[in-house]
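Everything on this sheet refers to the single structure shown next.
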There are 2 protein chains.
Amino acid sequence: MEYRFRIPTIIGIMVPLEAKSAKARDPRDAAATDGPRRADARRNRERVLEAAEAVFGESGLKAPIEDVARRAGVGVGTVCRNFPTKQALVEAVVGSMYETLLHEAEQALADPDPAHAFERFVVGLPDFQARHRALADQMASENMLASAASPREKLLRAVSELVARAQAAGAIRADIGPGDVSMLFSGVAHATAIVDDLQPVMRERYVRIILDGLRARDATALPGRPLDFAQLRRMRQKHAK
Amino acid sequence: MEYRFRIPTIIGIMVPLEAKSAKARDPRDAAATDGPRRADARRNRERVLEAAEAVFGESGLKAPIEDVARRAGVGVGTVCRNFPTKQALVEAVVGSMYETLLHEAEQALADPDPAHAFERFVVGLPDFQARHRALADQMASENMLASAASPREKLLRAVSELVARAQAAGAIRADIGPGDVSMLFSGVAHATAIVDDLQPVMRERYVRIILDGLRARDATALPGRPLDFAQLRRMRQKHAK
DNA sequence: CCGGAAGTGGAATACCGATTCCGGATCCCC
DNA sequence: GGGGATCCGGAATCGGTATTCCACTTCCGG
């Protein structure tokens with residue numbers, strides 16, 4: 001099977017260009033979505049998910065399913081029964097990542113100082129993405145499991161809110177949108193992916209530079225218009241062949 | 001064959017993690033490096049190179065060799081004879097890209113105003129990378145064909161010079177190095193890769209923001225130290241398993 | 001504690017794409 | 001224009017990984 005995905009934005013908006021031999025999913029499978037009936041089986045499914053997150057994070061999406069299976073201490077058969085397709089496995093992992101990120105965004109939103117809230121979230125973002133490397137490339141395929149769609153929408157809303165509040169407080173320039181923020185900081189995550197050991201420092205280094213560029217004072221006029229997530233999605237759709 | 005590459009920097013410093021079944025190259029092949037003896041053959045080789053640049057640029061490195069062959073109007077056999085390995089084909093294409101980029105850098109260097117020279121190069125950079133998408137991911141594998149090594153070194157030197165001059169002129173902050181510049185702008189290229197149609201505008205949008213962040217005035221202190229290409233390379237080497 | 005139903009491991013299969021091979025077509029030197 | 005030496009196309013081969021299959025466990029309700 002071949003996978004072709006567009007490069008991501010932090011809070012990725014992108015889509016598999018083709019899902020070649022994807023089986024039409026039979027409604028009954030939906031029932032299986034949240035678990036097998038037997039206790040040991042449910043435990044295994046959980047272990048596979050954890051292993052997959054670890055393995056994909058370390059070796060990228062092309063890591064063979066067998067590696068995931070070994071790490072989880074189960075056979076490949078078990079992996080494939082729980083996730084009929086590698087794609088399905090990836091999506092399941094990504095789904096749980098959305099929840100983590102959403103959690104971070106919500107914590108930031110709880111911060112009373114909008115400027116600090118924004119900064120805090122944004123410093124953590126490339127870090128989060130880097131921790132999950134290839135998986136980040138995957139976040140938010142449009143046709144994702146329903147279970148992941150809801151956290152994702154919430155996340156987008158939270159980020160938009162963070163940006164809007166920071167702007168209202170005059171902390172960052174008014175001529176950018178949440179989509180721009182997503183683009184900029186996902187770029188940092190990508191660029192710093194080459195350097196494991198110094199990553200945290202380097203990432204913050206670049207985040208700081210960009211934050212300087214986002215400040216309201218002294219800003220030079222920008223071409224284009226502020227980008228929000230809806231537009232980002234639309235662009236993505238036009239883009240898909 | 002499997003390819004595993006690290007994410008790039010604009011003027012990429014990275015390396016294939018493994019070249020599994022790479023044949024030890026027999027010295028005689030070196031002779032073949034710059035062309036077959038028969039006229040039509042040489043022409044074909046050229047057409048393959050062009051086709052490869054186009055196809056890889058559009059569909060990424062995983063585009064099958066067959067696509068390249070079809071686009072070039074030749075059989076796969078011909079492609080494989082000229083470039084014993086897919087990796088070799090990629091390297092050949094990348095080599096020619098270095099020369100193009102070097103040319104742009106030299107033109108920029110000819111500009112008497114250091115600030116303008118820097119800006120000019122840097123605005124063009126993500127554009128260049130985006131035009132070649134996946135290929136940019138490839139630039140500068142350490143063990144690249146000798147023919148590509150020299151343009152690359154020249155390019156790195158030219159970029160360092162552009163940065164140094166801009167700094168001497170007080171146009172950009174002093175606490176960054178050429179490696180930082182490479183990182184930052186390659187990030188833009190990556191992030192904007194999702195949006196074909198609006199890319200040029202979006203890219204410039206983000207480049208402007210980052211340029212604002214790179215200005216000398218009002219700069220906040222950065223963690224870490226200025227990064228030059230030598231350090232970048234060293235980090236890459238430590239990183240490789 | 002029994003008898004299936006539900007699950008398991010991992011060998012076998014299905015696919016896909018890079019690389020190789022070779023009978024036949026093309027060039028080019030004389 | 002003839003005859004090799006060079007090249008060509010594309011079918012066959014090979015290698016690698018996702019997915020399927022099934023004989024064999026393990027669980028669990030009664």
Side-chain angles (χ1 to χ4, degrees), chain A residues 1-4 16 18-26 28-29 31-32 35-48 51-52 55-56 59-92, chain B residues 1-4 16 18-26 28-29 31-32 35-48 51-52 55-56 59-92:
Chain A
M1 182 189 271
E2 188 201 355
Y3 301 90
R4 295 179 59 183
E18 44 191 324
K20 267 185 182 169
S21 68
K23 291 273 163 58
R25 194 162 308 162
D26 167 325
R28 279 171 306 176
D29 290 20
R37 308 121 196 48
R38 240 167 67 179
D40 59 336
R42 198 157 2 220
R43 216 177 311 131
N44 275 339
R45 183 194 161 87
E46 212 45 49
R47 282 207 278 172
V48 168
V55 170
F56 289 150
S59 319
L61 282 183
K62 52 158 81 94
I65 285 201
E66 196 186 332
D67 286 4
V68 175
R70 194 172 328 116
R71 177 98 159 218
V74 304
V76 286
T78 300
V79 175
C80 289
R81 204 165 341 95
N82 278 290
F83 306 94
T85 274
K86 188 176 184 180
Q87 177 71 34
L89 175 57
V90 169
E91 285 181 8
Chain B
M1 182 189 269
E2 189 201 353
Y3 301 90
R4 297 179 60 183
E18 45 192 324
K20 268 186 182 169
S21 67
K23 291 274 161 55
R25 194 164 307 165
D26 166 325
R28 279 170 305 176
D29 290 20
R37 311 128 196 39
R38 241 166 67 178
D40 57 337
R42 197 156 2 220
R43 215 176 313 131
N44 275 337
R45 183 195 161 87
E46 212 45 49
R47 281 207 277 171
V48 168
V55 170
F56 289 150
S59 318
L61 283 183
K62 53 159 83 93
I65 286 202
E66 196 186 332
D67 286 4
V68 175
R70 195 171 328 118
R71 176 100 159 215
V74 305
V76 287
T78 299
V79 175
C80 289
R81 204 164 340 95
N82 278 290
F83 306 94
T85 273
K86 188 176 184 181
Q87 177 72 33
L89 174 57
V90 170
E91 285 181 7

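The figures that follow rest on heavy atoms only: side chains count, while hydrogens, waters and symmetry mates do not. Quick note on labels: first sequence line is chain A, next is B, and so on, each numbered from 1.
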Can you check the B:Asn82 CG to D:dC7 C1' distance for me, whole Å?
10 Å
Any donor-acceptor pair under 3.5 Å linking the side chain of A:Arg42 with the backbone of A:Arg37?
yes
Ignoring backbone atoms, test whether A:Arg37 places a side-chain nitrogen or oxygen under 4.0 Å from the OP1 or OP2 oxygen of C:dA5.
no
Which part of the nucleic acid does B:Ala69 contact within heavy-atom distance under 4.0 Å: base, sugar-phosphate only, or nothing?
nothing
Atom-pair distance (NZ on A:Lys86; C1' on C:dC15), nearest Å
15 Å
Take atom CZ of B:Arg70 and atom P of D:dA11, then tell me their distance rounded to the nearest Å.
13 Å
Rounded to whole Å, how long is the line connecting atom CZ of A:Arg43 with atom P of D:dT25?
20 Å
Is A:Arg81 close enough to C:dT8 that one of its side-chain N or O atoms is under 4.0 Å from OP1 or OP2 there?
yes
Please assess A:Ile65 against A:Phe83 for the test side chain to side chain contact (heavy atoms under 4.5 Å, CB included), listing each intermediate value before the final yes or no.
CA-CA 11 Å; A:Ile65 285 201; A:Phe83 306 94; over 6 Å; no
For atom CZ of A:Arg42 and atom C1' of D:dC28, their distance in whole Å
13 Å
Would you kindly compare A:Ala39 and B:Gly77 by the position of their nearest DNA chain D nucleotide and give the one closer to the 5′ end?
B:Gly77
Any carboxylate oxygen within less than 4.0 angstrom of a Lys/Arg side-chain nitrogen, looking at A:Glu66 and A:Arg70?
yes
Distance-only, no hydrogens or angles: does the A:Asn82 side chain make a donor-acceptor pair with backbone N or O of A:Thr78 under 3.5 Å?
yes
If we ignore hydrogens and angles and just use 3.5 Å, is the side chain of B:Lys86 paired with the main-chain N or O of B:Leu61 as donor and acceptor?
yes
Starting at CG of B:Asp40 and ending at P of D:dG9, how long is that distance when rounded to a whole Å?
10 Å
Choosing from D:dT17, D:dT19, C:dT8, which nucleotide comes nearest the side chain of A:Ile65?
D:dT19
Provide, to the nearest angstrom, the distance between the CZ atom belonging to B:Arg45 and the P atom belonging to D:dC8.
11 Å
Hey, is the side chain of A:Asn44 poking within less than 4.0 Å of OP1 or OP2 on C:dG7, counting only N and O atoms?
no
Let's see if you can work this out: which of C:dG7, D:dA11, D:dG9 has an atom nearest to the side-chain heavy atoms of B:Val76?
D:dA11
Taking only the side-chain nitrogens and oxygens of A:Thr78, find out if one of them lies under 4.0 Å from OP1 or OP2 of C:dG7.
no
Relative to the 5' end of DNA chain D, which residue comes earlier, A:Arg38 or B:Gly75, by the nucleotide with the nearest heavy atom?
B:Gly75
Just how far, in rounded Å, is P of D:dT20 from CZ of A:Phe83?
15 Å
Would one find a side-chain N or O of A:Thr85 under 4.0 angstrom from OP1 or OP2 of D:dT19?
yes
